[in-house]
Amino acid sequence: MAVMMYSFTEEAVITGDIDKIWAVATDVARWSEWDPHEEKSRIDGEFAAGTTGWVKPKGAPAGPFTIVAVEPGRSWTSEAGIPFGKLRGHRTYQTLGDGTVRVAENVEVHGLFGPLFKLVWEKAMRADMPLTFAALEQEALRRG
């Protein structure tokens, strides 16, 4: 049986220092302070592959996630269980050399829940991503 999967990506170019942007983006415990998409979040250890956490996004159920890959200063990937499948998020950060950073998030929805996810949550999630990128820029500048 073939595994059902679909994905979507959003990206933006934001102003700031890659190290400061990375520090904010990976400070899971403080996501809800600046990210308009997150109501609550926590991490159960260091920001590294294998570490688990928990998140409550606005308009979606709360649940655990696991960081499955980290390339410090460049990218990180997490996975969360959803009914009959998993949600995988891959975030990348690329310095463009002019004081800006390209940020992107690719979301993969695996399993039978995919069509319902696409119908119910994808549009709102995509609409929130540019708001999150802009908030990330502002928080990195504020903390700078």
Q. H37 and D128: which non-hydrogen atoms are nearest, and at how many Å?
A. ND1-OD2, 2.7 Å
Q.
I need the minimum non-hydrogen distance between P57 and A62, along with the two atoms involved.
A. CD-CA, 4.5 Å
Q: Indicate if V68 and I82 have the same hydrophobic cluster label, given that clusters are the connected sets of ILVMFWY residues with side-chain heavy-atom separations under 4.5 angstrom.
A: no
(Q) Hydrogens and angles aside, do S78 and R91 bring a side-chain donor and acceptor to less than 3.5 Å of each other? (A) yes
(Q) Using a 3.5 Å distance criterion without hydrogens, assess whether the side chain of W31 forms a donor-acceptor pair with backbone atoms of A25. (A) yes
Q: Might you point out which heavy atoms bring I67 and V70 nearest each other, and give the distance in Å?
A: CG2-CG2, 3.4 Å
(Q) Is there a side-chain contact between Q94 and E11 in this structure, where contact means two heavy atoms from C-beta onward sitting under 4.5 Å apart? (A) no
Q.
Is there a path of hydrophobic side-chain contacts, each under 4.5 Å between heavy atoms, that joins L141 and V13?
A. no
Q.
Less than 4.5 Å apart, side chain to side chain, heavy atoms only: is that true for P115 and M4?
A. yes
**Q.** For L87, the option from F117, F113, F65 that meets side chain to side chain contact (heavy atoms under 4.5 Å, CB included)
**A.** F117
Q) Between the main-chain N or O of P36 and the side-chain N or O of K58, is there a donor-acceptor pair closer than 3.5 Å? A) yes
Q.
With heavy-atom distances below 4.5 Å as the criterion, would you say the side chains of M5 and R88 are in contact?
A. no
**Q.** Test item: T52 and P64 side chains (from C-beta on) under 4.5 Å apart, heavy atoms
**A.** no
Q | Exceeds 12 heavy-atom contacts within 6.0 angstrom, atom NZ of K56 | A | yes
Q) For K20, does the NZ atom have more than 12 heavy-atom neighbours from other residues, nucleotides or ligands under 6.0 Å away? A) no
Q. Sub-3.5 Å donor-acceptor pair from the side chain of Y6 to the main-chain atoms of K118, do we have one?
A. yes
Q.
Can you confirm whether R143 is buried at CZ, in the sense that more than 12 heavy atoms of other residues, nucleotides or ligands lie under 6.0 Å from that atom?
A. yes
Q) With hydrophobic residues grouped by side-chain heavy-atom distances under 4.5 Å, do V120 and F84 end up in a single group? A) no
Q.
Please determine whether residues W76 and W54 belong to a single hydrophobic cluster, defined as Ile, Leu, Val, Met, Phe, Trp and Tyr linked transitively by side-chain heavy-atom distances below 4.5 Å.
A. no
Q) So, the side chain of T66 versus the backbone of E79: is there a donor-acceptor pair under 3.5 Å, distance only? A) no
Q.
Could you measure the distance from the CZ atom of R102 to the CD1 atom of I18? Nearest 0.5 Å is fine.
A. 11.5 Å
Q) Is there a chain of hydrophobic side chains (I, L, V, M, F, W, Y, each step under 4.5 Å between heavy atoms) that links F133 to W34? A) yes
(Q) Taking CZ in F8 as the centre, count heavy atoms belonging to other residues, nucleotides or ligands within less than 6.0 Å. Is the count above 12? (A) yes
(Q) Would the distance check show the side chain of T26 and the main-chain N or O of W22 forming a donor-acceptor pair, the cut-off being under 3.5 Å? (A) yes
Q.
Less than 4.5 Å apart, side chain to side chain, heavy atoms only: is that true for Y93 and L136?
A. yes
Q: Considering non-hydrogen atoms only, spot the tightest contact between E46 and I43 and give its length.
A: O-CD1, 4.0 Å
Q | Beyond-backbone contact of E10 with E105, side-chain heavy atoms, under 4.5 angstrom | A | no
